[in-house]
Each structure stands twice: as C-alpha cells, then as structure tokens.
*Asks:* 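First, the structure itself, so that you have it in front of you.
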Amino acid sequence: MEYLKKPAVRPEEETEKKVADVAAIIADIRKNGDEAVRAYNTKFDGNTRELFRVSREEIDAARAKMTPEEIEDLEAAAKNIREFAKAQLSCVKPLDGVSVIPGARLGHRVIPIASCGCYVPGGSYPLFSTALMLVVPAKAAGVRRVAAVSPTVKGTTEIDYRTLAAMDIAGADEIYAIGGVQAIAALAYGTDQVKAVDKIVGPGNQYVAEAKRQCFGQVGIDFVAGPSEVLAIADESADPEILAADMLAQSEHDRLAKGILVTTSRKLGEEVMAAVERQLKALSTAEIAADSWHIYGEVILAASLEEACAISNEIAPEHLEVCIREDDLEPVVEMLTNFGSLFIGQETGEVFGDYASGTNHSLPTMRASRYTGGVWVGTFLKVCSFQRYNREAMMAVAPLVSRMAKGEGLMAHKHAADIRMK
C-alpha cells in the first residue's frame with residue numbers, strides 16, 4: 001500500500017463545546033417548548049414562524065411552483081424507491097409454529113413503529129431527494145404517522161418549495177418548518193405544536209448528528225451520520241474522468257466530505273488526480289469541492305485487488321464503487337463486506353443511488369458500516385418474539401428454569417416456575 005495523495009491534517013473540532021451547546025439547546029426546549037424552538041429557528045435560520053406545521057395551502061403553493069417535468073421526476077424517483085422498499089418488505093416475514101419442545105409454540109411478529117420523524121437537511125443545498133429516501137420506506141413499512149421536518153430557506157419562513165413538494169409526494173403525514181438541534185429535540189420530547197415520535201431518521205450537520213446521539217434512548221434513531229464518503233476500487237481499465245467526477249460529486253457535499261480512490265494502477269491514480277484539478281475549474285461548487293478534496297481526499301496504490309478489498313473493508317465507506325474488469329467483478333464483490341451501499345461496475349455511478357436507482361442514500365458513515373447497513377424498510381419495523389405453552393410444555397421446561405433461577409440466586413424467579421407445577 002502506498003499513498004499517492006494523503007489527506008491533510010486538520011485540528012480536531014471543538015467536540016466538548018459542541019456537546020455542551022447541543023445539550024443546552026435540548027434542555028431549553030424540554031423546559032420551554034415551542035417558545036425555545038421559535039427562538040432557535042429565528043437565531044439560526046431567520047425563521048420567525050409562529051406555527052411550525054406547514055399547511056395544505058403552503059404545500060399546494062409549493063407544488064404549483066414546480067414544472068410538470070419536475071413533478072414527474074420526483075414521482076418517478078419515489079416509485080423506484082417505493083418498489084424496492086416493498087420488495088424488501090416481502091423478505092421480512094412473520095414466524096409462527098416453531099416448536100422446540102412438545103406443546104410449545106414460538107414465533108415473532110413484524111410490527112411497524114407507530115410514528116417516526118424524518119429530518120431532511122436544507123443548509124447548503126435543498127436536498128429534496130432525502131425526503132423521498134426517508135418518508136417513502138417509512139410509509140411502505142406501514143408507519144401510521146410520519147412527521148417530516150426541514151429548516152427553512154435562510155431568512156424566510158418557508159421550506160424550499162422542491163423539498164416541500166417532495167415530502168408531500170413521498171407521503172408525509174405532517175410537515176414542520178423546523179431545522180437543526182431544535183427539530184431533533186422537538187421530535188424527541190414533543191412540544192405543544194409537535195407531538196413526539198418513536199424514532200428519528202435522516203442525516204444532518206454535525207450538530208444534528210450530536211442531537212440525535214444525545215436524544216437516543218428517549219427515541220430510537222437510525223444511526224449517527226457524519227460527513228459523506230465515497231471509496232472507489234479501480235484497476236487500469238477504469239476511466240479516470242469518470243472516477244474524478246465521482247470524487248468531486250461526493251466532495252461538493254461539504255468541506256468535511258471525503259473521496260477516496262484505491263487503485264492497482266499508479267498511472268490511473270495520477271490521471272484521476274489530474275482530472276480532478278481540470279474538472280474543478282469548470283465546477284460551480286468548486287470552492288467547497290476543492291477544499292474537501294485537497295484536505296480529505298485520498299489516492300491509495302494497492303499491490304493487488306485483494307489488498308484493495310482489505311483496505312476498503314478497513315475504511316468501511318458509506319458508498320463503495322467497484323470499477324474494474326468484468327472478469328474480476330464477481331470475486332472482488334465477494335471479498336467486500338463493509339460498506340453502506342455497493343455500486344458494481346463503472347456504469348453504476350454512486351450518483352444514481354443518490355437519487356433514483358431505488359436503493360436508499362441515507363447510509364452509515366465514519367466506519368459504521370462495520371456493524372450496520374443504511375436506512376431501509378426494516379428501519380421502521382420491530383421484530384418481536386412471542387411464545388405460548390400448554391401444560392405439557394410448561395411441565396417439561398419449568399424444572400430446568402427452576403434450577404437455573406436457583407443457581408443465579410433469583411428465588412422469586414424460581415418460585416414463579418415452581419408454583420406453576422403444583
């Protein structure tokens with residue numbers, strides 16, 4: 001392994017201050033409710049709304065601003081996401097009739113959570129695609145109440161009209177013009193205007209992520225998401241211009257995003273680095289993308305595809321592209337185990353998954369793909385076991401349970417088994 005481009009070193013963020021700042025906002029909202037939410041909306045977004053919930057009239061006005069093609073595009077993307085979510089749902093089945101001893105019946109039920117909050121970011125860009133990625137699978141799972149939240153356009157009282165239309169097309173039951181830590185706290189603890197939810201999903205900036213972390217336990221969360229990441233494994237057959245475009249597509253998210261190329265070809269690695277610099281000159285988001293690439297971008301030379309896979313599995317990226325010869329694709333894919341979402345072959349650009357392939361773009365970052373996947377229909381489901389014994393089964397298992405409870409010193413547990421045998 002050799003670095004052709006190393007990430008630059010940057011001073012660590014003020015983590016302790018961030019944690020304290022977020023905790024203070026959450027505590028204020030728990031104490032002062034809507035009054036505090038309104039104050040933070042005004043402070044951070046210039047949003048002076050009195051009523052946070054978006055009305056049907058506002059939604060209709062947002063949709064009226066859309067061209068027919070824009071509406072059709074959102075509906076087409078939503079359809080792809082919905083169809084894939086429904087296919088996933090068909091794989092998660094109830095279980096019944098398992099009998100480990102005569103007279104016992106075990107199983108599990110698949111139960112949708114009752115409510116969820118979907119956080120749709122709106123800081124640097126209007127990420128209306130995220131509305132589809134969160135709300136559509138929640139509704140496909142059968143969640144009865146889906147509350148979507150998003151910050152307003154800076155200095156206004158309105159969510160970006162495209163985001164608002166996307167939330168409506170996706171099927172959100174309630175929409176609130178609240179962003180940042182205050183949105184997470186309101187969804188977690190509830191206010192007079194915002195009823196609390198059972199789970200919060202969706203990406204956001206570092207303060208939103210920290211708020212989700214601090215509220216976990218009061219509510220469920222999908223995961224704590226950090227800056228976006230892409231890693232591409234490539235050999236000499238890959239197109240350097242395409243790889244450069246994919247690195248920059250990720251880098252433009254924000255200055256903390258990370259693009260990583262792991263290649264078995266020194267020539268390709270050098271060509272990609274040169275192509276990135278060329279493409280930056282014509283990119284309207286070059287200011288952000290250049291900072292991200294120059295500070296966090298990496299180009300790693302691997303001795304073999306096996307080593308490239310080992311490097312990738314250690315990094316555990318959010319998005320993973322495999323751009324190698326067709327003959328090597330299948331064995332390489334089998335070696336890859338840690339990723340949020342996998343894009344196989346050069347034609348399968350990561351950007352397609354961001355919008356309309358049907359898979360979800362809300363994915364684990366910061367090496368979390370070692371232990372979890374991304375948002376999917378199962379994110380909104382509970383798999384809950386049940387059991388039923390007749391007397392034969394009870395008499396068979398109660399003596400075992402009685403002995404084990406006695407061994408642990410839990411005598412009330414032992415009695416609860418013994419009393420049933422009398």
Side-chain angles (χ1 to χ4, degrees), residues 45 47 49 52-85 116-140 146-180 183-184 187 200-205 208 222 225 228 249-250 252-254 257 284-285 288 318-319 341 349-363 374-375 379:
D45 296 322
N47 171 13
R49 287 182 73 108
F52 307 136
R53 185 165 178 176
V54 177
S55 67
R56 184 70 243 176
E57 290 74 19
E58 289 176 279
I59 296 169
D60 290 342
R63 292 185 67 133
K65 293 180 182 179
M66 306 281 284
T67 66
E69 183 180 50
E70 287 175 324
I71 292 288
E72 289 169 8
D73 287 347
L74 286 174
E75 290 176 341
K79 177 181 179 295
N80 292 350
I81 297 163
R82 186 176 298 109
E83 290 302 310
F84 187 66
C116 74
C118 298
Y119 187 92
V120 181
S124 302
Y125 307 102
L127 299 182
F128 49 83
S129 58
T130 300
L132 305 179
M133 297 289 175
L134 302 176
V135 176
V136 168
K139 296 308 293 185
V146 177
V149 298
S150 188
T152 57
V153 177
K154 292 290 185 184
T156 78
T157 59
E158 297 178 351
I159 296 171
D160 183 275
Y161 70 94
R162 292 158 294 188
T163 299
L164 194 52
M167 289 171 165
D168 187 51
I169 287 169
D173 300 295
E174 303 165 13
I175 300 173
Y176 297 92
I178 314 173
I184 302 301
L187 288 170
I200 299 173
V201 299
N205 64 22
V208 169
D222 45 2
S228 198
Q250 212 61 36
E252 74 176 353
H253 271 289
D254 65 60
S284 62
T285 54
I288 292 173
E318 177 186 17
H319 308 95
S341 192
E350 183 275 327
V351 68
F352 301 144
D354 278 346
Y355 291 102
S357 69
T359 61
N360 209 288
H361 80 198
S362 190
L363 301 167
V375 169
T379 301

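Computation of the quantities below employed the complete heavy-atom set of this structure, encompassing side-chain atoms and omitting hydrogens, waters and symmetry-equivalent molecules. Counting begins at 1 with the first residue of the sequence. Everything quoted here is computed from the prediction, not taken from an experiment.
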*Asks:* State which residues pass side-chain hydrogen bond (donor to acceptor under 3.5 Å, both in side chains) with Glu58; sequence neighbours excluded, sorted by chain then number.
*Replies:* Arg49, Ser55
*Asks:* Using modelled atom types and a 3.5 Å cut-off, is there a donor and acceptor pairing between side-chain atoms of Asn360 and backbone atoms of Leu134?
*Replies:* no
*Asks:* Give the minimum heavy-atom separation between Ala177 and Val54, together with the two atoms involved.
*Replies:* N-CG2, 4.1 Å
*Asks:* Mind checking what makes side-chain hydrogen bond (donor to acceptor under 3.5 Å, both in side chains) contact with Thr156, not counting sequence neighbours?
*Replies:* none
*Asks:* On a heavy-atom basis, which atom in Val149 and which in Ala183 lie closest, and how many Å separate them?
*Replies:* CG2-CB, 4.0 Å
*Asks:* How long is the span from the CG atom in Leu363 to the OG atom in Ser228, to the nearest 0.5 Å?
*Replies:* 8.0 Å
*Asks:* Are Val135 and Val120 side-chain neighbours, meaning at least one heavy-atom pair lies under 4.5 Å?
*Replies:* no
*Asks:* Return the set of residues passing salt bridge (Lys or Arg N to Asp or Glu O under 4.0 Å) with Lys79 (not counting sequence neighbours), or none when no residue passes.
*Replies:* none
*Asks:* Quick one: pull up CD in Gln250 and CD in Glu350 and give me the separation to the nearest 0.5 Å.
*Replies:* 4.5 Å
*Asks:* Flag the pair Asp222 / Ser362 as yes when at least one side-chain heavy-atom distance between them is below 4.5 Å, and no otherwise.
*Replies:* yes
*Asks:* If we ignore hydrogens and angles and just use 3.5 Å, is the side chain of Asp45 paired with the main-chain N or O of Thr152 as donor and acceptor?
*Replies:* no
*Asks:* With sequence neighbours left out, write down each residue that passes side-chain hydrogen bond (donor to acceptor under 3.5 Å, both in side chains) with Thr359, or none if nothing qualifies.
*Replies:* Ser357
*Asks:* Please report the interatomic distance CZ(Phe52) to CG(Asn47), rounded to the nearest 0.5 Å.
*Replies:* 8.0 Å
*Asks:* Contact between Pro203 and Thr130 at the side-chain level, heavy atoms closer than 4.5 Å - yes or no?
*Replies:* yes
*Asks:* Could you check whether any side-chain heavy atom of Leu164 comes within less than 4.5 Å of a side-chain heavy atom of Glu158, counting everything from C-beta outward?
*Replies:* no
*Asks:* Taking C-beta and beyond as the side chain, do Leu74 and Met66 meet within less than 4.5 Å on heavy atoms?
*Replies:* yes
*Asks:* Can you run down the salt bridge (Lys or Arg N to Asp or Glu O under 4.0 Å) pairs that involve residues 117-140, sequence neighbours left out, and say none if there aren't any?
*Replies:* Lys139-Asp173
*Asks:* Got a second to check how far Glu70's CD is from Arg162's CZ, nearest 0.5 Å?
*Replies:* 7.5 Å
*Asks:* Are the side chains of Arg63 and Ile169 in touch, meaning some heavy atoms are under 4.5 Å apart?
*Replies:* yes
*Asks:* Tell me every residue that passes salt bridge (Lys or Arg N to Asp or Glu O under 4.0 Å) with Asp60, counting only those two or more places apart in sequence or in another chain.
*Replies:* Arg56
*Asks:* Could you tell me the separation between the CG atom of Asp168 and the CD1 atom of Ile175, rounded to the nearest 0.5 Å?
*Replies:* 5.5 Å
*Asks:* Give the C-alpha distance, both sets of side-chain angles, the deciding distance and a yes or no for side-chain contact (heavy atoms from CB on, under 4.5 Å) between Val375 and Met133.
*Replies:* CA-CA 8 Å; Val375 169; Met133 297 289 175; over 6 Å; no
*Asks:* If you define the side chain from C-beta out and look only at heavy atoms, does anything of Cys118 sit under 4.5 Å from Val146?
*Replies:* yes
*Asks:* Show the nearest heavy-atom pair for residues Tyr119 and Gly180, with the distance to one decimal.
*Replies:* OH-N, 2.8 Å
*Asks:* Measuring only between side-chain heavy atoms, which start at C-beta, is Asn205 closer than 4.5 Å to Pro121?
*Replies:* no
*Asks:* Provide the closest heavy-atom pair for Ala170 versus Arg82 in the form atom of the first, atom of the second, distance.
*Replies:* O-NH2, 4.4 Å
*Asks:* Provide the closest heavy-atom pair for Glu252 versus Ile288 in the form atom of the first, atom of the second, distance.
*Replies:* O-CG2, 3.6 Å
*Asks:* Quick check for you: to the nearest 0.5 Å, what is the distance between Ile81 atom CD1 and His361 atom NE2?
*Replies:* 8.0 Å
*Asks:* Out of the candidates Thr163, Leu127, Asp160, only one should pair with Ser150 under the side chain to side chain contact (heavy atoms under 4.5 Å, CB included) rule; please name it.
*Replies:* Thr163
